[in-house]
Amino acid sequence: MRRIESKERGRSSGRGLYPSALAVHAEVAPPAAAAAARRFPDIVIRRMSHLRGPNIWTYRAVIEAIVDIGELEDFPSNTLPGFYERLTAWLPGLIEHRCSVGRRGGFLMRLRDGTWPGHILEHVALELQTQAGMKTGFGKARMTHEHGVYKVVIRTRNEAIGKLAIESARDLVMAAINDLPYDVAAIVARLTDMVDRQCLGPSTACIVDAASERGIPHIRLNDGNLVQLGHGAAQHRIWTAETDRTSAIAEGISRDKDLTKQLLAAAGVPVPEGRAVASADEAWEAAEDIGLPVVVKPSDGNHARGVSLNLMTRKEVVSAFAAAEAEGSEVLVERFIPGQEHRLLVVGDKVVAATRGEIIRVGGDGKSSIAQLIDAQVNTDPRRGEEEHLPLETLRHDDAVLLLLLQRQGLTPASVLARGESAVVQRTGNMAIDVTGQVHPDVAAQMALAARVVGLDIAGIDLVAEDIGKPLAAQGGAIVEVNAGPGLLMHLKPAVGRAQPVGDAIVEHLFPAGASGRVPIVGVVGNGRSALAPRLIAWLLQLQGKQTGLACRDGIFLGQRRLSSASALDYAAGERMLINRSVQAVVLETSPRHILSEGLPYDRCQVGVVMAMPGPERLEDLYITEAEQMPNVVRTQVDVVLAQGAAVLNADDPGVLALADHSDGEVLLYSLDPDNAAIAEHRARKGRAVLMRGDTLVLLTGGKQQPLIHLAVPAFSLLTHELPDDLRPHVTAAVAAAWALGVPADLIRAGLLHFDEAPQAIAVH
């Protein structure tokens, strides 16, 4: 597979699609005096498009903005007095931008030497995203045929954030040019808030990133953390650390902590004695029956909220009951297990990560209250906060468990500790120390058993033990909770020890033994007039036993059932097919317009078919005006072919044939000309080809040939189709694609003979 970075570098020059700004500007810039003491009108953003899939710029999603810099076309950065100083003072992080220079500080060199606002806008937008916590490094600024108008492109993981970054970059650049104030901190804060609210949470993101490293595609299914990994029938879905293998019954059991303990105890897994209570009096009665000390906690809680440990008196139990009841669920009283708190992550049947908790103390200075010490010594921990990406929560002064903990030490939040004195302010929920390498095999086996008993494929198990490196029975350790959908941050960002690759473990659990999560995808750039080729390909795949989804200019089909009769070349139609869990193969037709305006709806395909090199007609609104620009557009279909796939190219069209070098996989040619020189050269290199000789289709592999079918016979029912052009190019392209997909020759022949006998398409309203 060609690396994403390689493709982006390969297209950086524009290669005739859009020229680089510096390549066409004059070497001598206007004198700086011409820009002094004048105020320039704002750069105009004419429109912005979200290219969600592979496109003319990169494999990844980008925002493409059409930007009119107006008078600034005549004023590069080195002619704008004070601009460099103001911009770099506001955004010192620009020094990390390597730009085309290829080293740290490269973009600043370009600024000093003179570059144009479109290019500057690109880098500022990327830096704003980086400052907001969404680091992306790819951007381009390219001139169009219209004077002073550029295409500015930035990589983004969220459409709204990317668009706001470009708009804000325009405002910031104009303020720096015109020496006006600009509140950089405010816009970074706004973008940061959007990143926190709209981007994937850290647990989900680590799984998605691990899938991407494996080459497994993903589709975000909602505005939250529901993500599809893989396509069609090969997919799995995740929602944070829950999967489509996570049983709703198991999740319900895990929420009922009393039921969980009963099931674990029945299976011989050590759990503390305890029971549910409905009142403070019942809580004390249970504590006396169980034996002091005890733990009081809510039955359905998380993040250790409402949990009080090592309670010895009636007063403590009654106060702890109130704190647990405030969490809104049933209250449990359990025997207190001495030892250290641990969280172990079980994925499948393995413990893949473990952390140990730490007791949080504050140290006195003789003048600050405990509340002030908490803010200064605890809540300043960069791991604490209310944001989802932080593993620890802010410690509130009015938290009932904190108040009880301080009361047991004879303190309140207003108490002042003398220098040298300390107080415990949190005992639970501080999983900060990685101990994965210390887990005893017996402990790991007990944890895996606990997850199986509850029925969870992924579980966060809370264990109390003196030493996790020893068997539980000898030390009296016990499991206190089994949690569905566990947070992964504590394993990704431990305070002490190594981060664990928990995302990799979850992906391996869902896609074992190198499974790719992919179904065969055939992408087709047709001839712009008929959808016969994609329909034939889909029919042949269906005959092979694969439930096939098809989106083409004739509509959307599932098998031979038509779901929609409207033209379906767009991104949404393709994604609709890829989301369908019954689909085992997909054929998706596209056009240059959709590649330019949306990108492809898939990251890679097994077969990419290009039937013709279209012209630039009716693409002027997308700044395509010359035939020389079209190969770089159509090339996108060939760029995404998998290394184990094939590009199927029309050897009778020189423009299409020239795309062969861009395929990561095999190249399979087809031609209607029996004397085609390119076919002969391809065969000499032992390549495969499909050739029309008279009325006979022939499969060629190097020096071997296999006649497939004679078209000029009454039984060949395709001849009855009324088509706007000759059917032979469509049949030849479809045969080549099916052959590339491994459809046997006999099945291809039968499919061609009986295509007209396929069930009639049924419109679904």
Side-chain angles (χ1 to χ4, degrees), residues 185 292-297 301-324 326-327 336-343 354-387 389-435 438 462 464-468 480 487 489-490 493-499:
L292 299 170
V294 295
V295 174
V296 176
K297 65 182 183 180
N302 52 41
H303 294 287
R305 286 192 288 264
V307 179
S308 300
L309 305 178
N310 200 20
L311 307 176
M312 297 293 295
T313 67
R314 179 186 180 95
K315 182 178 180 182
E316 290 174 351
V317 170
V318 169
S319 298
F321 176 87
E327 294 299 318
F336 173 70
I337 305 295
Q340 296 177 307
E341 183 184 27
H342 299 83
R343 165 61 70 89
T355 57
R356 186 176 72 234
E358 61 178 349
I359 295 175
I360 304 300
R361 297 175 175 272
V362 293
D365 59 7
K367 56 183 180 180
S368 301
S369 69
I370 289 178
Q372 292 171 327
L373 294 173
I374 289 173
D375 286 339
Q377 299 177 19
V378 179
N379 289 336
T380 52
D381 185 337
R383 296 173 297 142
R384 288 188 181 270
E386 304 306 316
E387 294 87 353
H389 69 276
L390 297 173
L392 301 177
E393 293 183 335
T394 301
L395 187 56
R396 299 192 339 260
H397 305 158
D398 60 351
D399 180 76
V401 173
L402 169 64
L403 296 176
L404 176 59
L405 187 57
L406 291 176
Q407 183 184 73
R408 296 175 65 193
Q409 299 171 78
L411 302 168
T412 71
S415 300
V416 175
L417 298 175
R419 188 176 298 277
E421 291 184 347
S422 67
V424 176
V425 294
Q426 195 171 24
R427 296 185 64 91
T428 62
N430 302 291
M431 298 300 173
I433 302 168
D434 177 71
V435 291
Q438 301 174 26
D462 292 337
V464 177
E466 293 285 358
D467 186 349
I468 201 171
V480 294
L489 265 178
M490 64 186 71
K493 296 181 178 180
V496 179
R498 295 174 54 188

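All heavy atoms count here, side chains included; hydrogens, waters and symmetry mates do not.
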Checklist entry - Charged N to carboxylate O under 4.0 angstrom, Lys367 versus Asp365? => result no
Okay, side chain of [X], backbone of [Y]: is any donor-acceptor separation there less than 3.5 Å?
| X | Y | result |
| --- | --- | --- |
| Ser415 | Thr412 | yes |
| Gln377 | Gly363 | yes |
| Gln438 | Val435 | no |
| Glu466 | Gln340 | no |
| Asn379 | Leu395 | yes |

Next on the checklist: Which residue in the set Ile370, Val425, Val424 passes side-chain contact (heavy atoms from CB on, under 4.5 Å) when paired with Gln409?
Outcome noted: Val424
Side chain proximity check, [X] to [Y], heavy atoms < 4.5 angstrom:
| X | Y | result |
| --- | --- | --- |
| Gln407 | Ser319 | yes |
| Val480 | Glu341 | no |
| Pro413 | Leu403 | yes |
| Glu316 | Thr313 | yes |
| Thr355 | His342 | no |
| Leu292 | Leu311 | no |

For [X] versus [Y], what's the shortest heavy-atom pair and its separation?
| X | Y | value |
| --- | --- | --- |
| Leu402 | His397 | CD2-O, 3.7 Å |
| Leu373 | Ser368 | CD2-CB, 3.7 Å |
| Ala423 | Leu411 | CB-CD1, 3.6 Å |
| Ala354 | Asp434 | O-OD1, 3.2 Å |
| Pro494 | Gly497 | CG-O, 3.7 Å |
| Leu309 | Phe336 | CB-CE1, 4.1 Å |

Checklist entry - Just how far is it from atom CD1 of Ile374 to atom CZ of Arg396, taken to the nearest 0.5 Å? => result 11.5 Å
Next on the checklist: Measuring from atom OG1 of Thr394 to atom CG of Asp399, what distance do you get when rounded to the nearest 0.5 angstrom?
Outcome noted: 11.5 Å
Which residues pass the salt bridge (Lys or Arg N to Asp or Glu O under 4.0 Å) test with [X], not counting sequence neighbours?
| X | result |
| --- | --- |
| Arg498 | none |
| Arg343 | Asp462 |
| Glu358 | Arg383 |

Item to check | Stepwise side chain to side chain contact (heavy atoms under 4.5 Å, CB included) check, Asp375 with Thr380 | outcome: CA-CA 6 Å; Asp375 286 339; Thr380 52; over 6 Å; no
